[in-house]
Amino acid sequence: MITLIVGKKGTGKTKILVDMVAEAEKVSAGNVVCIEKVPKLTYDIPSSVRLMETSKDEIEGYEEFYGFLTGVLAGDFDITDMFIDSTLRIGGRDYDKLGKFLQKLNKSVGDRKVNIVFTISADKEELPESVTAFIK
């Protein structure tokens with residue numbers, strides 16, 4: 001299941017994400033992964049959570065981002081929760097491409113029991129239906 005945390009910069013999305021990571025780590029019977037563009041959450045999330053950064057691998061654009069995420073999921077079938085901060089800084093601000101990326105990832109994940117949460121720095125009103133469909 002894919003879920004989005006949306007709001008303009010400074011509205012507390014990362015704080016919500018960090019709280020969700022900590023809660024998932026407490027209840028997960030598998031592995032929890034947190035992905036960010038650059039290292040800034042190192043001291044905010046539990047050390048048992050796998051923290052990854054996309055800048056090390058120079059991941060840019062939604063096609064590369066999709067390959068990165070599906071590769072992480074394919075490499076560890078025990079992942080129960082995946083949290084991604086700064087989505088637009090990794091993939092770009094093209095909301096139509098974001099919508100296609102989310103739909104493709106959702107289809108790829110299929111019936112796998114994994115929760116994927118993204119932070120999106122934009123108002124809900126700015127986003128197309130293809131993106132807002134993932135806001136819970």
Side-chain angles (χ1 to χ4, degrees):
M1 178 173 77
I2 294 177
T3 306
L4 306 181
I5 302 169
V6 299
K8 289 285 191 186
K9 182 177 174 134
T11 56
K13 294 177 304 301
T14 300
K15 171 69 172 120
I16 293 168
L17 183 93
V18 167
D19 291 345
M20 290 175 77
V21 169
E23 186 60 32
E25 187 271 337
K26 289 179 189 174
V27 299
S28 175
N31 298 323
V32 178
V33 175
C34 185
I35 299 170
E36 58 186 336
K37 172 98 173 158
V38 295
K40 65 179 182 176
L41 299 176
T42 305
Y43 301 107
D44 296 323
I45 63 170
S47 60
S48 60
V49 172
R50 172 66 190 245
L51 183 60
M52 306 171 85
E53 62 181 272
T54 59
S55 63
K56 280 186 177 179
D57 297 315
E58 299 181 14
I59 306 298
E60 293 181 8
Y62 289 108
E63 288 183 23
E64 290 182 13
F65 197 19
Y66 173 82
F68 178 80
L69 294 179
T70 55
V72 170
L73 289 168
D76 185 352
F77 282 95
D78 292 329
I79 293 175
T80 59
D81 300 272
M82 180 180 278
F83 298 91
I84 299 95
D85 195 25
S86 303
T87 304
L88 298 180
R89 290 184 61 214
I90 299 167
R93 294 201 72 85
D94 185 323
Y95 299 143
D96 290 327
K97 287 183 180 178
L98 171 62
K100 290 176 185 172
F101 160 77
L102 292 171
Q103 291 170 348
K104 185 176 179 180
L105 183 62
N106 192 48
K107 188 174 183 179
S108 174
V109 170
D111 60 354
R112 189 172 169 177
K113 305 244 189 277
V114 61
N115 297 309
I116 304 174
V117 178
F118 293 90
T119 62
I120 307 291
S121 291
D123 281 333
K124 180 179 179 180
E125 294 76 28
E126 296 177 69
L127 302 170
E129 173 62 30
S130 61
V131 176
T132 60
F134 294 97
I135 299 173
K136 304 296 185 232

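Heavy-atom basis, side chains included; hydrogens, waters and symmetry copies ignored.
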*Give a yes or no on this: more than 12 heavy atoms of other residues, nucleotides or ligands lie within 6.0 Å of atom NZ of Lys56.*
no

*Applying side chain to side chain contact (heavy atoms under 4.5 Å, CB included), name anything that partners Asp81, two or more places apart in sequence or on another chain.*
Ala24, Ser28, Val32, Phe83, Asn115

_Could you work out, with side chain to side chain contact (heavy atoms under 4.5 Å, CB included) as the rule, every residue matching Lys26, not counting sequence neighbours?_
Glu23

Whether [X] side chain and [Y] backbone form a donor-acceptor pair below 3.5 Å:
X	Y	answer
Thr87	Thr119	yes
Lys13	Gly7	yes
Glu25	Pro46	no
Glu126	Asp123	yes

Rounded to the nearest 0.5 Å, how far apart are [atom1] of [X] and [atom2] of [Y]?
X	Y	atom1	atom2	answer
Thr11	Ile5	OG1	CD1	9.5 Å
Tyr62	Leu102	OH	CG	7.5 Å
Leu41	Leu51	CG	CG	6.5 Å
Ser130	Lys97	OG	NZ	13.5 Å
Ile59	Met52	CD1	CE	9.5 Å
Ile120	Phe134	CD1	CZ	10.5 Å

*How would you list all residue pairs meeting side-chain hydrogen bond (donor to acceptor under 3.5 Å, both in side chains) that involve residues 98-113, not counting sequence neighbours?*
Tyr66-Ser108

Search all heavy atoms of [X] against all heavy atoms of [Y] and return the closest pair with its distance.
X	Y	value
Ser121	Leu88	O-CD1, 3.6 Å
Ser55	Glu53	OG-OE1, 3.0 Å
Val18	Asp44	CG1-O, 3.3 Å
Leu17	Cys34	CD2-SG, 4.5 Å
Lys124	Ile135	CG-CD1, 3.8 Å

*Residue from Asp96, Val131, Leu69 passing side-chain contact (heavy atoms from CB on, under 4.5 Å) with Phe101*: Leu69

_Which residue in the set Ile84, Ile79, Thr3 passes side-chain contact (heavy atoms from CB on, under 4.5 Å) when paired with Ile116?_
Ile84

Is there a path of hydrophobic side-chain contacts, each under 4.5 Å between heavy atoms, that joins [X] and [Y]?
X	Y	value
Val109	Ile35	yes
Val21	Leu4	no
Val49	Val114	no
Val117	Phe65	no

*asked:* Could you check whether any side-chain heavy atom of Phe68 comes within less than 4.5 Å of a side-chain heavy atom of Ile90, counting everything from C-beta outward?
replied: no

*Given side chains that start at C-beta, do those of Phe118 and Leu105 come closer than 4.5 Å, heavy atoms only?*
yes

_Given Asp85, which partner from the list Lys15, Lys37, Lys40 fulfils the salt bridge (Lys or Arg N to Asp or Glu O under 4.0 Å) test?_
Lys40

